[in-house]
Each structure stands twice: as structure tokens, then as C-alpha cells.
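Written below as C-alpha cells is the structure these notes are about.
So you know, we letter chains A, B, ... as the sequences are listed, proteins then strands, and number each from 1. Only heavy atoms go into these numbers, but all of them, side chains included; no hydrogens, no water, no symmetry mates.
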Protein chains: 2
Amino acid sequence: MTLDPPWRPPAWELDPSQPLYEQIAHRIRVEIAAARLPKGTRLPSVRDLAASLRVTPNTVMRAYAELEQDGLLETFRGQGTFVAREPGVEARARARIARQAFEHVRRVAADLGMRVEDLLRLGAEEEGGDEDARSH
Amino acid sequence: MTLDPPWRPPAWELDPSQPLYEQIAHRIRVEIAAARLPKGTRLPSVRDLAASLRVTPNTVMRAYAELEQDGLLETFRGQGTFVAREPGVEARARARIARQAFEHVRRVAADLGMRVEDLLRLGAEEEGGDEDARSH
DNA sequence: CAAGTGTATCATGTGATTTAATACACTTAA
DNA sequence: TTAAGTGTATTAAATCACATGATACACTTG
């Protein structure tokens with residue numbers, strides 16, 4: 001075999017209380033968006049990544065499937081899973097993430113009746129503060 | 001009875017795939033942060049809100065408990081649940097939400113190796129666009 | 001053919017969430 | 001005192017998404 005040296009994922013910690021397959025998909029999405037995963041790059045096989053993450057192949061499958069659904073990946077039976085060659089994948093992935101982030105703060109700001117600008121300024125000021133301010 | 005006219009929640013839809021008690025807590029948190037729920041305001045009784053949301057009293061209890069834990073509410077047995085009188089509740093609630101929102105975009109930007117400023121600018125441009133841009 | 005790909009389908013287990021039904025402790029008005 | 005309305009606690013059960021584990025199939029390449 002040894003067609004292409006498959007991309008090797010960086011050390012991953014799967015902690016946060018989010019579905020495993022979502023975490024996996026998210027990490028890959030980010031790697032693509034950040035252009036650290038060039039188009040055409042071969043991903044680890046479902047079984048390999050599963051083993052490396054101490055997870056079931058089924059779970060990795062679900063992550064890959066979601067990303068293929070998004071058009072970020074393309075798979076070929078018997079060959080492997082690759083970052084989509086379609087032009088603009090990185091840009092699309094990046095734009096998508098950026099838009100979601102913006103809409104998030106947009107909604108929060110609207111809920112509070114604030115402008116996005118002011119909300120973020122306030123949030124930045126609170127950096128590292130608060131913790132458990134109220135002594136109760 | 002009829003001590004105080006308890007605060008009447010606006011029409012609520014409990015759709016998003018988040019725990020019910022989290023959704024309830026979030027809505028109240030926002031109302032407090034936005035100062036639409038002044039300190040000392042009496043909330044609907046656990047049973048009333050539960051009935052109005054077509055939910056179990058247990059679920060509302062959990063939401064109230066979480067907010068009391070955060071110091072946003074204070075409860076008195078036999079009397080009811082109220083917005084904490086402690087000075088600065090609204091500000092604290094608002095600051096907390098703002099900080100979380102900021103840290104969110106902060107992390108996303110870091111993941112992409114972008115500055116928060118640029119991330120949001122990009123996200124704002126994409127407003128309403130994309131949808132399902134890739135034709136696959 | 002053999003080894004390595006993706007894919008599909010089960011049955012099963014697990015854990016958080018939610019329901020439902022009670023029961024208890026307290027406060028207030030009648 | 002009584003009754004109605006508060007919050008609170010407990011228990012059993014149902015549900016559901018998630019993840020596992022095992023197995024089988026389809027395909028590509030050397």
C-alpha cells in the first residue's frame with residue numbers, strides 16, 4: 001500500500017461534554033478552515049483514527065460522514081477519506097465558522113438589548129475575572 | 001394569598017436541543033441580565049411555571065436551583081422564588097454572559113489563527129449567505 | 001488473493017434527562 | 001386551627017442520544 005502518508009492528527013483531548021463524533025468533526029473542520037489541512041490531504045483511516053483516539057470506528061465514521069455532508073471531505077471506497085479538492089474549501093469552512101460565531105454573539109447581544117460591539121467590549125473587560133464573585 | 005402579582009413569563013418556545021432545565025434557566029438569566037426582571041421580582045411558582053411550560057415541576061426546580069446557585073435568585077420556603085436583591089445582580093448576570101460570549105469567539109478565533117476582530121468582520125459579511133453554497 | 005480502504009447493520013450498554021407520583025417543611029391568609 | 005400555596009426531597013420508571021462491539025459487505029490496490 002503506502003500510497004500517501006496519511007495526515008497525522010495532533011494530540012487530541014476529548015474532554016468537553018459534547019458528543020465524541022462532534023468533537024472529532026469540529027477539530028477536523030477547524031484544521032481545514034485554518035488551512036493546516038490542505039485540500040487533497042488524506043485523513044487517517046476510520047479504523048486508525050478510531051484506535052488512536054481509543055474510540056469505535058463507528059464514531060469516527062459518523063464524524064467523517066458529517067464532514068462529507070458539509071462538503072469538506074470526499075471519500076473513495078477502498079482508497080480513503082480526503083479533504084475535498086473543490087476550490088475554496090478552506091475559505092468556505094472558515095466563513096461558515098465565522099458566520100456561526102458572529103450569529104452567536106449577535107443573538108446574545110440582541111437578547112440583552114445591547115450592540116455586539118458593546119457586548120464584546122464588556123466581555124473582554126471581564127476576562128479572567130468574576131469566577132465566583134458573589135459570596136452568597 | 002395574592003401577595004404580589006408574580007412575574008409573568010413571555011411566550012416561550014422550548015425547541016433547541018438543549019436540556020429543558022438549561023433552556024429555562026437561560027431565559028431567566030437573560031431576563032435578569034437585560035434588567036427586564038428587576039431585583040426582588042417574584043417568579044412564578046415552580047408548579048405554575050411547570051404547568052405553563054407543559055413540563056414537570058421537577059424540571060423547573062432544577063432550573064431555579066441552578067440560578068440560585070449562581071446567586072441570581074433567592075428562595076424562601078413557603079413564600080416563593082425571587083430575583084436576588086443583592087446589588088449588582090443584573091450587572092453580574094450581564095457580565096457573565098458577555099464574558100462567555102467573548103471567550104467563545106476568542107477561542108474560535110484562536111483555533112483559526114485569526115484575530116477576534118477579523119473573525120467577526122468575516123462572519124458579519126457572510127450574514128444570510130452561504131446556506132448550502134457547495135452544490136456537491 | 002491479501003490487505004487495507006469505506007460502509008452497513010445489528011444488539012447492547014450507558015448516562016443524562018424527564019416524567020410521574022408522593023411526601024414533607026414552611027408561610028400566609030381566612 | 002385550617003387550608004391553600006410556597007419550595008424541597010425522594011423514588012421509580014421511561015426515554016433518548018450516544019457509544020460500544022461484533023460482524024459482514026463492497027471496493028481498490030499491490
Worksheet item: How close or far is atom P of C/dA25 from atom CE of B/M61, stated in whole angstroms?
Response: 16 Å
Fill in: Phosphate contact (C/dG6 OP1 or OP2) by A/T75 side-chain N/O below 4.0 Å
no
Worksheet item: Any side-chain N or O of B/R62 under 4.0 Å from OP1/OP2 of C/dT18?
Response: no
Response to the item:
When rounded to whole Å, the CG to P distance for the pair A/L67 and C/dG6 reads 13 Å
Item to complete: Determine, stepwise, if the pair A/E117 / A/R121 fulfils salt bridge (Lys or Arg N to Asp or Glu O under 4.0 Å).
Response: CA-CA 6 Å; A/E117 197 180 348; A/R121 204 181 325 273; 3.1 Å; yes
Worksheet item: Under the 3.5 Å rule, do the base of D/dG5 and the side chain of B/R47 count as making a donor-acceptor pair?
Response: no
Worksheet item: Using a cut-off of less than 4.0 Å, is there contact between a side-chain N or O of A/Q79 and OP1 or OP2 of C/dG6?
Response: no
Item to complete: Check B/D70, B/I24, B/L37 against B/R29 for a side-chain contact (heavy atoms from CB on, under 4.5 Å) and give me the one that passes.
Response: B/D70
Item to complete: Take atom CZ of B/R36 as the centre, draw a 6.0 Å sphere, and report whether it contains more than 12 heavy atoms from other residues, nucleotides or ligands.
Response: yes
Fill in: A/R96/A/R92 under side-chain contact (heavy atoms from CB on, under 4.5 Å): CA gap, chis, key distance, verdict
CA-CA 6 Å; A/R96 186 180 147 99; A/R92 255 214 358 263; over 6 Å; no
Worksheet, complete the sentence: Out of C/dG6, D/dT8, C/dT18, minimum distance to the side chain of B/T59 belongs to C/dT18
Item to complete: Check the pair B/V83 / B/W7 against side-chain contact (heavy atoms from CB on, under 4.5 Å), numbers first and verdict last.
Response: CA-CA 10 Å; B/V83 177; B/W7 171 71; over 6 Å; no
Worksheet item: Relative to the 5' end of DNA chain D, which residue comes earlier, A/Q23 or A/F76, by the nucleotide with the nearest heavy atom?
Response: A/Q23
Discussion item. Using only modelled atom types and a 3.5 angstrom limit, is any donor from either the side chain of A/N58 or the base of C/dT7 paired with an acceptor on the other?
Written reply: no
Worksheet item: Between D/dG7, C/dG6, D/dT6, which one does the side chain of A/V46 approach most closely?
Response: C/dG6
Worksheet item: Could you state the CZ-C1' distance from B/R77 to C/dC26, rounded to the nearest angstrom?
Response: 6 Å
Worksheet, complete the sentence: When rounded to whole Å, the CG to C1' distance for the pair A/L49 and C/dT7 reads 16 Å
Worksheet item: Looking across every strand, which nucleic acid part, if any, lies under 4.0 Å from B/S17 by heavy atom: base, sugar-phosphate, or nothing?
Response: nothing
Worksheet item: Starting at CD of A/E68 and ending at C1' of C/dG6, how long is that distance when rounded to a whole Å?
Response: 10 Å
Worksheet item: So, is B/Y64 close to the D/dG7 phosphate, meaning a side-chain N or O under 4.0 Å from OP1 or OP2?
Response: no
Fill in: Phosphate OP1/OP2 of C/dT18: any B/T56 side-chain N/O under 4.0 Å
no
Worksheet item: Expressed in angstrom and rounded to an integer, what is the separation of A/L20 atom CG from D/dG21 atom P?
Response: 12 Å
Fill in: A/S45 side chain, from C-beta outward: closest of C/dT19, D/dT6, C/dG6
C/dG6
